[in-house]
Amino acid sequence: MILCLRRSVWLIFLSTAVLLGCDETKKETAAAQSPSSAPTSPVPAAKPIEPVGPALHVDAARAMQYTKEIVAFGPRWDSSPTIDKVRAYIKGKLKGDQVEEDAFVAETSAGKMPMKNIIAKFPGTKDGIIIIGSHYDTNYWLRNTPFVGANDGAATSALLLAIADQLRGKKLEGYSVWLAFLDGEESFTRQWHTNDALWGSRHLAKKLQDDGASKKVKAFLLADMIGDADLGIERDENSTPWLEDLVLQAATRLGHQSHFFNRITSVEDDHIPFARAGMPVADLIDIDYGYNNSFHHTTQDTVDKLSVDSLKISGDVILETIRLLNGMGDNPPPTPPQKVPS
């Protein structure tokens with residue numbers, strides 16, 4: 001699903017980078033670092049920000065139930081009969097909310113594919129938007145297998161539904177929150193090709209840029225593969241540094257910092273099109289799924305590999321990050337330009 005480069009911050013190499021196979025769809029590199037350039041900690045100290053609004057916490061047991069219900073539909077690759085059922089399921093759980101569909105046809109390597117992003121909007125009291133995203137599709141190239149993507153798409157889509165449960169019926173003290181259920185994230189071929197993936201995020205980011213709404217987006221937070229029972233969310237170098245710092249601050253406030261940013265990675269994922277369109281982004285991802293990433297994009301990606309505790313940690317940190325964004329004000333801190341793949 002992702003092209004990634006990773007390095008461990010606690011392991012310093014004096015030699016050149018060693019190329020490692022990650023799986024059929026991506027590669028990862030253990031990056032070289034000299035002792036003089038090695039960071040003493042994964043994240044620079046950030047000035048504490050006081051959150052705005054009441055503390056919210058996801059119902060993680062309900063998020064796990066949603067995960068099981070999505071997985072029960074079976075593989076949900078684009079153009080499959082199942083994916084329409086999953087779309088109807090998501091919209092059914094959002095019944096009564098302000099929901100918009102972003103439908104389009106993608107010119108994929110497998111032909112024209114009708115796709116649909118589903119966006120639930122929860123209005124706030126301030127002029128600005130925070131978007132939380134997750135993809136819900138599974139891999140087209142795995143369509144002849146029982147691959148259900150329990151962690152890879154189902155758990156995070158379920159987490160967004162659980163976040164919607166917390167936002168529903170409340171007057172949000174801060175920016176509006178949009179929950180974006182994104183289609184077509186996975187590459188249509190076994191080998192990762194960015195131009196044959198990220199279809200939903202590319203379409204939505206362009207739409208926001210074209211209509212000017214991108215200027216109102218204060219943050220795009222992407223949730224991906226963070227139901228893993230052995231949770232270790234990595235710091236992504238393709239994300240906006242100050243926003244990653246804010247995520248860590250949220251995790252620290254909740255006592256979950258041990259699950260965050262022990263390693264550094266560079267990931268091509270659904271946040272990239274939003275970054276290219278000038279929006280601040282953070283990818284919350286645990287790319288090390290199973291021993292040596294052995295569960296990723298295999299039929300072993302099943303519900304028994306997930307944890308209610310991991311869903312609780314991930315969801316609560318996202319909600320706390322929203323509170324911190326509301327407390328930050330309209331001007332983010334100065335930061336070097338973020339790294340975005342060309």
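Atoms OG and CG, on Ser157 and Leu179 in that order, are 10.5 Å from each other to the nearest 0.5 Å. One distance of note links CD of Glu101 with CD1 of Ile90; it measures 10.5 Å at 0.5 Å rounding. One finds the CG atom of Leu161 at 9.5 Å from the CD atom of Glu69 (value rounded to the nearest 0.5 Å). Expressed to the nearest 0.5 Å, how far CG of Asp152 lies from CG of Leu142 amounts to 9.5 Å. How far CG of Leu311 is from CD of Gln65: 12.0 Å, rounded to the nearest 0.5 Å. Atoms OG1 and CG, on Thr156 and Leu160 in that order, are 7.5 Å from each other to the nearest 0.5 Å.
With a 4.5 Å cut-off on side-chain heavy atoms, Leu319 and Ile163 count as touching. At least one side-chain heavy atom of Pro51 sits under 4.5 Å from a side-chain heavy atom of Glu320. The shortest side-chain heavy-atom distance between Lys218 and Ser176 does not fall under the 4.5 Å cut-off. Using a 4.5 Å heavy-atom cutoff, the side chains of His135 and Asp183 are not in contact. Side-chain contact between Leu159 and Ser314: present, with at least one pair of heavy atoms (C-beta onward) separated by less than 4.5 Å. Between Lys112 and Glu107, some side-chain heavy-atom pair lies under the 4.5 Å cut-off. The shortest side-chain heavy-atom distance between Thr108 and Met115 falls under the 4.5 Å cut-off. Met113 has its side chain out of reach of Trp199: every pair of non-hydrogen atoms, C-beta onward, lies at least 4.5 Å apart.
Within the 3.5 Å criterion, the main-chain N or O of Ala197 finds a donor-acceptor partner in the side chain of Arg202. Formation of a donor-acceptor pair under 3.5 Å by the Asn151 side chain with backbone atoms of Leu306 is not found in this model. At least one donor-acceptor pair under 3.5 Å links the side chain of Ser310 to the backbone N or O of Asp228. Side-chain atoms of Asp286 do not come within 3.5 Å of backbone N or O of Ile226 as any donor-acceptor pair. In this structure, Thr298 contributes its side chain and Phe295 its backbone to a donor-acceptor pair below 3.5 Å. Thr138 contributes a side-chain N or O that, together with a main-chain N or O of Arg76, makes up a donor-acceptor pair within less than 3.5 Å. Remark: side-chain polar atoms of Ser187 are paired, donor with acceptor, to backbone N or O of Thr189 under 3.5 angstrom. At distances below 3.5 Å, not a single donor-acceptor pair connects side-chain atoms of Thr299 with backbone N or O atoms of Phe147. Judged by distance alone, with hydrogens and angles left aside, the side-chain atoms of Asp236 form a donor-acceptor pair with the main-chain N or O of Asn238 at under 3.5 Å. Of the possible donor and acceptor atoms, none in the side chain of Ser294 sits under 3.5 Å from a partner among the backbone N and O of Gly290.
Residues Ile49 and Leu325 share a single hydrophobic cluster, defined by chaining ILVMFWY side chains whose heavy atoms lie under 4.5 Å apart. Under a hydrophobic clustering in which Ile, Leu, Val, Met, Phe, Trp and Tyr are joined whenever their side-chain heavy atoms come within less than 4.5 Å, directly or via other members, Val217 and Leu246 fall into different clusters. Placement of Phe104 and Val99 in two distinct hydrophobic clusters is found when ILVMFWY residues are connected by side-chain heavy-atom separations under 4.5 Å, directly or transitively. By the rule that hydrophobic residues join a cluster once side-chain heavy atoms approach within less than 4.5 Å of another member, Leu222 and Ile313 end up as members of separate clusters. In the hydrophobic clustering of this structure, Val281 groups with Leu204; members are Ile, Leu, Val, Met, Phe, Trp, Tyr whose side-chain heavy atoms approach within less than 4.5 Å, directly or through other members.
Side chain to side chain, Asp288 and His296 fail the donor-acceptor criterion of an N or O pair below 3.5 Å. No side-chain donor-acceptor contact under 3.5 Å links Asp269 and His271. Side-chain contact annotation: Thr194 with Trp192, donor-acceptor N/O pair under 3.5 Å present. No side-chain donor-acceptor contact under 3.5 Å links His203 and Asn117.
Within 6.0 Å of NZ in Lys170 there are more than 12 heavy atoms belonging to other residues, nucleotides or ligands. Residue-environment remark: NZ (Lys121) exceeds the threshold of 12 foreign heavy atoms within 6.0 Å.
Shown here for Tyr140 and Ala110, the closest heavy-atom pair between the two residues is CE2-CB, 3.5 Å. Here the closest non-hydrogen pair linking Leu172 and Phe122 is CD1-O, 3.5 Å. Here the closest non-hydrogen pair linking Lys126 and Gly329 is NZ-CA, 4.4 Å. Counting all heavy atoms, side chain and backbone alike, Met64 lies closest to Val308 at CE-N, 3.6 Å. In terms of heavy-atom proximity, Val247 sits nearest to Val317 at O-CG1, 3.9 Å. Residue Ser134 comes nearest to Gly153 through the heavy atom pair OG-O, 3.9 Å, listed as atom of the first residue, atom of the second, then distance.
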If you look only at distance, which donor and acceptor atoms sit under 3.5 Å apart when one is on a side chain in residues 55-63 and the other is two or more places apart or in another chain?
residue: His57; atom: ND1; partner: Asp316; partner atom: OD2; Å: 3.2
residue: Asp59; atom: OD1; partner: Ala61; partner atom: N; Å: 3.3
residue: Asp59; atom: OD1; partner: Arg62; partner atom: N; Å: 3.1
residue: Arg62; atom: NH1; partner: Asp165; partner atom: OD2; Å: 3.3

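Among residues two or more places apart in sequence or in another chain, the side-chain hydrogen bond (donor to acceptor under 3.5 Å, both in side chains) test is passed with Asp97 by Arg168.
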Exercise. Evaluate the criterion salt bridge (Lys or Arg N to Asp or Glu O under 4.0 Å) for residue pair Arg87 and Asp78; output intermediate values, then yes/no.
Key: CA-CA 11 Å; Arg87 290 167 180 152; Asp78 280 295; 3.4 Å; yes
Practice problem: Go through the steps for Asp224 and Asp283 under the test side chain to side chain contact (heavy atoms under 4.5 Å, CB included), then give the verdict. | Solution: CA-CA 7 Å; Asp224 200 356; Asp283 191 3; 4.2 Å; yes
Self-check item: Intermediate values then yes/no, side chain to side chain contact (heavy atoms under 4.5 Å, CB included), Asn326 and Ile130
Solution: CA-CA 9 Å; Asn326 287 329; Ile130 299 169; 4.1 Å; yes
Quiz prompt | Trp77 vs Glu186, side chain to side chain contact (heavy atoms under 4.5 Å, CB included): CA-CA, chis, key distance, verdict | solution = CA-CA 9 Å; Trp77 37 274; Glu186 302 287 6; over 6 Å; no
Exercise. Quick one: do Arg253 and Leu324 satisfy side chain to side chain contact (heavy atoms under 4.5 Å, CB included)? Show the steps, please.
Key: CA-CA 10 Å; Arg253 285 178 55 85; Leu324 291 175; 4.0 Å; yes
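Phe220 and Phe274 have parallel rings, their planes meeting at less than 30° on a 0 to 90° scale where 60° marks the start of perpendicular.
The cationic atom of Lys85 (NZ for Lys, CZ for Arg) does not lie both less than 6.0 Å from the six-membered ring centre of Phe73 and within 45° of the ring axis.
In this structure, the ring of Phe181 has its center no less than 6.0 angstrom from the ring center of Tyr136.
Ion pairing between a basic and an acidic side chain is recognised when a charged N comes within 4.0 Å of a carboxylate O; Asp301 and Lys305 show no such pairing.
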